[in-house]
Amino acid sequence: MSNLKNKSLITTQEWSKDEIDTVLKKAFELKRNFKKGDYKSIELLPGYTLIMIFFSPSTRTRNSFEVGMTQLGGHAIFIDANKSWLGRKSESIKDTVKVLSRYGDVISIRIFPNITNWKYGASNQVVREFVKYSDAPVINMEDDLYHPCQALADIMTIKEKFNNIKNKKFVLSWAYHPFPLPLSVPNSTVLIMTRFGLDVTLAHPPGYELDQKIIEQAKENAENSGGSFEIKHSIKEAYQDADIIYVKSWCSLKYYGKPKEEKKFRLPYRGIWICNDELMELTNKNSIFMHCMPIRRNIVATDSVCDGKHSVIYDQAENRLHVQKGLLVSILKS
Amino acid sequence: MSNLKNKSLITTQEWSKDEIDTVLKKAFELKRNFKKGDYKSIELLPGYTLIMIFFSPSTRTRNSFEVGMTQLGGHAIFIDANKSWLGRKSESIKDTVKVLSRYGDVISIRIFPNITNWKYGASNQVVREFVKYSDAPVINMEDDLYHPCQALADIMTIKEKFNNIKNKKFVLSWAYHPFPLPLSVPNSTVLIMTRFGLDVTLAHPPGYELDQKIIEQAKENAENSGGSFEIKHSIKEAYQDADIIYVKSWCSLKYYGKPKEEKKFRLPYRGIWICNDELMELTNKNSIFMHCMPIRRNIVATDSVCDGKHSVIYDQAENRLHVQKGLLVSILKS
Amino acid sequence: MSNLKNKSLITTQEWSKDEIDTVLKKAFELKRNFKKGDYKSIELLPGYTLIMIFFSPSTRTRNSFEVGMTQLGGHAIFIDANKSWLGRKSESIKDTVKVLSRYGDVISIRIFPNITNWKYGASNQVVREFVKYSDAPVINMEDDLYHPCQALADIMTIKEKFNNIKNKKFVLSWAYHPFPLPLSVPNSTVLIMTRFGLDVTLAHPPGYELDQKIIEQAKENAENSGGSFEIKHSIKEAYQDADIIYVKSWCSLKYYGKPKEEKKFRLPYRGIWICNDELMELTNKNSIFMHCMPIRRNIVATDSVCDGKHSVIYDQAENRLHVQKGLLVSILKS
């Protein structure tokens with residue numbers, strides 16, 4: 001078990017496998033002891049404050065953190081950063097972070113690519129500036145490159161659903177969506193799954209390649225973990241015999257920050273790159289269907305898949321709560 | 001006493017009299033033991049979370065719930081729904097509610113008629129969808145048909161001010177107001193007051209009739225409770241010998257969602273359908289003046305009435321706190 | 001030691017020296033016992049609620065109060081007043097305050113001059129209306145005349161940095177800034193510093209005089225405390241042998257609420273009325289540099305000053321937390 005005291009989380013890729021396992025172990029322990037209305041866990045972080053800075057909207061992230069801190073005996077402050085001095089550019093990131101980290105015990109930030117004008121990696125740089133100047137640990141609640149809390153909840157969910165996750169066939173399948181979405185979830189997904197020895201298939205139409213650096217890291221992860229990593233352009237081939245189908249839309253790096261041009265490029269895949277029963281039929285009998293949510297129903301996946309026997313989307317969303325509580329306890333108490 | 005564990009509250013009309021009495025009893029008990037700065041009640045809901053979803057603005061509702069949860073040892077999350085995925089229509093109600101009810105212990109929602117384009121009953125349908133999909137109890141914080149928490153505070157206030165409320169003359173009097181307001185409060189008011197055996201007079205100018213279904217329910221309630229229900233178009237007749245004057249503006253169903261047309265229709269009543277000292281003189285000596293607030297002073301009621309000897313508006317507003325604490329404890333702990 | 005139970009804070013000027021000292025003593029005690037992650041202080045205000053009403057944005061004020069209440073075992077509600085009935089003018093201040101003070105244990109308000117159309121003193125009148133109608137103590141979180149919580153944190157910081165603050169040379173130096181800023185901080189600063197016997201120099205270009213009434217109060221304070229008060233138009237003279245340099249921009253009362261006209265008047269001072277190393281060289285060896293933040297770096301003060309050996313800006317900001325906790329405990333528990 002690693003000592004994670006005061007450790008910031010920008011991406012799981014920069015944490016050792018043992019550090020990630022330490023958080024997961026704590027998360028499973030907390031979930032095992034979890035019972036609605038019976039919150040003995042308030043003894044864990046009494047009087048602690050998480051300061052959450054949101055430049056971008058959120059449902060699961062905000063609520064799982066705010067409920068989580070309450071269940072741990074502390075409090076999470078919700079800040080709409082666009083209405084703060086930070087959003088008005090009256091104050092440097094350094095000054096805001098230096099001050100807030102004197103007050104709170106942990107700081108978290110969400111900053112989508114539009115906030116930094118779709119300059120790939122610029123939002124992640126803001127998160128790194130937070131870490132640089134903070135006197136308290138910082139948690140990345142999703143930037144333009146990574147969504148590590150989602151990745152932790154995802155791997156937790158898979159471990160929960162399968163006795164042995166080693167070399168399970170994990171498919172991350174691109175989906176059509178009316179708007180261009182960030183790359184943070186696909187990046188974090190391939191990085192964490194290759195880390196845990198799954199056989200990862202990344203499926204998308206040509207033009208939706210992930211950042212080459214991420215691909216190389218995923219390959220290296222797979223090599224080290226005894227898993228594998230491959231890319232498919234055929235959705236049917238990808239789904240074949242899969243254990244885990246993870247559907248997610250993301251934008252094309254070729255047209256990054258150019259929504260009109262990308263729209264033309266994306267439109268032909270509408271109704272084709274959608275997860276439906278027919279495709280799910282190609283997977284293994286006990287396969288699971290995952291999505292990080294929010295999910296555009298009947299565009300990204302059909303109702304019958306979202307609500308069907310393979311779907312674990314609500315368990316996956318619930319695990320955001322447990323894994324983030326595990327993370328908070330690990331970095332604040334150990 | 002009823003067991004209310006996990007019971008949702010859409011309208012008091014769908015709760016049995018015994019269930020309502022159970023909440024009121026708990027509310028009176030909590031109020032009796034209430035002392036500012038002495039919050040032994042924090043032992044009642046330690047670590048619990050109420051997730052409050054506001055599509056519409058609020059002062060009393062938000063603050064009484066948020067203070068109430070704090071005094072009970074838990075926490076209330078304030079969500080501006082228009083800024084969430086829900087408000088952006090990126091996510092189905094089902095998915096949002098399924099997830100949030102995995103996190104929180106109770107969910108509440110406020111949704112005024114404008115949010116569903118003044119289609120009478122459509123906001124209530126949203127609340128019912130919340131109840132349908134939620135794994136946790138749901139509290140209606142006011143939709144386009146009902147405001148049950150207000151109704152509970154109102155009946156609590158009346159019980160507090162009179163030894164015996166049976167057959168007391170209760171007048172719900174329409175008032176002029178610069179904008180068309182929802183029907184939720186008048187609907188909930190006539191339903192709860194007829195339920196408790198009061199002699200209810202509904203007073204309004206022609207054209208401001210409540211929904212026929214509500215009227216029929218009110219009559220049936222009165223019959224069952226030994227109270228009575230009548231409608232008056234003369235404000236003076238209505239006030240005569242009243243024990244309780246409840247003033248409230250609402251819009252005309254004839255011009256529902258058509259503010260310009262209604263304005264012409266409403267304007268003649270300005271300065272006439274206003275509660276003033278002259279009218280209050282017609283009531284019984286110990287009569288009380290009620291309003292759910294916010295109140296447009298000197299338009300809906302004069303300053304001298306709002307601040308006068310009959311007025312109980314601040315006690316009524318304070319009872320929101322106590323009755324909602326009673327409700328929360330009843331549905332979460334019993 | 002004074003008994004401050006239920007006492008409102010509009011400006012330190014209306015509190016006795018002993019009352020201010022009582023808060024400072026409590027603040028130092030809380031700071032001495034303060035250790036991140038070890039919040040025994042949650043026993044001080046368990047279940048208490050502070051209702052914070054913000055008409056204007058905030059970083060330090062909101063977060064120090066919200067973290068502070070959490071560390072004291074209570075909760076602070078954050079209200080964006082512009083989205084409330086108050087902001088929509090649907091409800092009188094009286095009614096809002098009467099109701100909220102039935103719920104919460106203490107109420108605080110921030111209201112900048114723009115909210116009351118730059119009518120000097122009008123925002124302060126709103127705060128005074130809050131105090132008038134509230135059944136709970138009210139804290140001014142900055143209006144158009146005063147920022148008393150900042151003043152308390154400032155004097156705390158100075159007491160912390162110097163063994164004996166009597167007759168230390170304190171310079172409040174105006175600075176150029178791209179927008180016209182309120183007078184609340186300079187007003188509160190000269191009032192508190194003259195109160196504590198410092199030798200106060202107020203430095204600004206002609207045309208940036210403070211309100212004559214404030215000047216007279218500062219002079220009277222100095223006379224009573226054994227300190228002194230003078231005004232300089234030469235920035236260099238002002239800095240000479242200073243112990244404390246407090247830099248702050250404020251607007252000209254001559255052009256109050258007329259930003260375009262003032263801009264022309266202000267522009268010539270750009271790059272001249274800025275705190276830099278050259279000026280800091282004129283001060284005493286152990287002098288400190290203060291600013292209430294947010295600070296426009298390299299406009300109001302250079303990076304090398306903000307981050308240099310004299311700078312205590314982060315300690316000053318941290319003291320907001322401690323002094324406000326001291327204030328809350330003093331007015332709620334004594």
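Just so it is clear: chains get the letters A, B, ... in the order the sequence lines come, proteins before strands, and each one is counted from 1.
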G104(B) to K36(A) - nearest heavy-atom pair and separation: O-NZ, 2.8 Å
Check against side-chain contact (heavy atoms from CB on, under 4.5 Å), M293(A) and V99(B): CA-CA 10 Å; M293(A) 306 176 79; V99(B) 170; 3.8 Å; yes
Nearest-0.5 Å distance, NE2 of residue H177(A) to OG of residue S90(B): 6.5 Å
Contacting moiety of L332(B), where chain A heavy atoms sit under 4.5 Å: neither
Spacing of Y103(B) atom OH and T70(A) atom OG1 [to the nearest 0.5 Å]: 13.5 Å
Contact leader toward chain A among I51(B), T49(B), T96(B), where contacts are heavy-atom pairs under 4.5 Å: T49(B)
4.5 Å side-chain heavy-atom contact, R60(A) and E91(B): yes
Engaged part of R297(A) at the chain B interface, taking heavy atoms whose separation is under 4.5 Å: side chain
Heavy atoms of other groups near K309(A) NZ, more than 12 under 6.0 Å: no
D105(B) and Y39(A): CA distance, side-chain angles, deciding distance, side-chain hydrogen bond (donor to acceptor under 3.5 Å, both in side chains) verdict: CA-CA 11 Å; D105(B) 298 282; Y39(A) 301 115; 2.4 Å; yes
Residue E29(B) excluded, over 12 heavy atoms near CD under 6.0 Å: yes
Per-residue contact mode, S58(A) against chain B (heavy atom under 4.5 angstrom): backbone
For I42(A) against P46(B), the heavy-atom pair lying closest together: CD1-CB, 3.9 Å
Residue pair D95(B) / Y314(A), side-chain donor-acceptor N/O under 3.5 Å: yes
Over 12 foreign heavy atoms within 6.0 Å of NZ, K263(A): no
Atom group of I295(A) that falls short of 4.5 Å from chain B, counting heavy atoms: both
Candidate pair K98(B) and I313(A), rule side-chain contact (heavy atoms from CB on, under 4.5 Å), full reasoning: CA-CA 10 Å; K98(B) 276 279 176 204; I313(A) 58 172; over 6 Å; no
CG-OG distance between D303(A) and S92(B), expressed to the nearest 0.5 angstrom: 8.0 Å
Approximate separation, where rounding is to 0.5 Å, of D315(A) CG and R102(B) CZ: 5.0 Å
K40(A), NZ: over 12 other non-hydrogen atoms inside 6.0 angstrom: no
Residue D80(A) versus chain B: region with a heavy atom under 4.5 Å: side chain
Heavy atoms of other groups near E14(B) CD, more than 12 under 6.0 Å: yes
Test item: H75(B) and E66(A) side chains (from C-beta on) under 4.5 Å apart, heavy atoms: yes
Flag side-chain contact, heavy atom, 4.5 Å: R62(A) against I77(B): yes
Heavy-atom proximity to chain A below 4.5 Å, by part of I79(B): both
